[in-house]
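Everything below concerns the one structure shown next.
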Amino acid sequence: MPALEPCDATDVALEFGLLTAEVGEAFTAWRKGHADLGEELADVFLYLTALAGMNGLDLDSEVVRKIEKNTRRTYERNEHGAQIRTSDE
């Protein structure tokens with residue numbers, strides 16, 4: 001994957017709002033079967049990585065840490081069939 005350009009955005013609240021809008025656009029593209037779903041998901045990724053950078057976070061490391069945490073969790077289904085977390089470790 002090519003290197004991403006540095007983010008020049010400085011308004012974190014605005015970027016969160018724009019990320020939310022892009023998630024909505026991606027959902028609509030998926031729901032309606034539009035060919036631009038990949039482009040919309042790329043927009044989500046770009047806003048997400050920009051927000052991580054603006055907040056001094058290494059998103060790669062955070063994702064690895066979160067996946068490791070999730071693998072230690074256990075779940076059970078309740079009477080409605082929804083998964084309920086039963087442990088964090």
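Numbering of residues begins at 1 and proceeds along the displayed sequence.
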Counterpart residues, salt bridge (Lys or Arg N to Asp or Glu O under 4.0 Å), relative to Glu39 (two or more places apart): none

same_hphob_cluster(Val63, Leu57) at 4.5 Å side-chain heavy-atom cutoff: no

Which atom of Ala29 lies closest to which atom of Glu40, heavy atoms considered: CB-CG, 4.2 Å

Exam field: side chain Ser87 to backbone Arg73, donor-acceptor pair closer than 3.5 Å: no

Approximate separation, where rounding is to 0.5 Å, of Glu22 CD and Leu48 CG: 12.0 Å

Glu68 and Arg65 ion-paired at < 4.0 Å: no

Glu76 atom CD: more than 12 heavy-atom contacts under 6.0 Å: no

Gap between atom CG of Leu51 and atom CG of Leu46 - 0.5 Å precision: 11.5 Å

Thr10, Leu18, Val12 screened by side-chain contact (heavy atoms from CB on, under 4.5 Å) with Leu14, the one that passes: Leu18

Inter-residue atom distance Thr28.OG1 - Asp36.CG, 0.5 Å rounding: 10.0 Å

Flag, side chain of Asp58 to backbone of Asp60, donor-acceptor distance under 3.5 Å: yes

Same apolar cluster: Val23 and Phe16, side chain cutoff 4.5 Å: yes

Over 12 non-hydrogen atoms of neighbours within 6.0 angstrom of NZ in Lys32: no

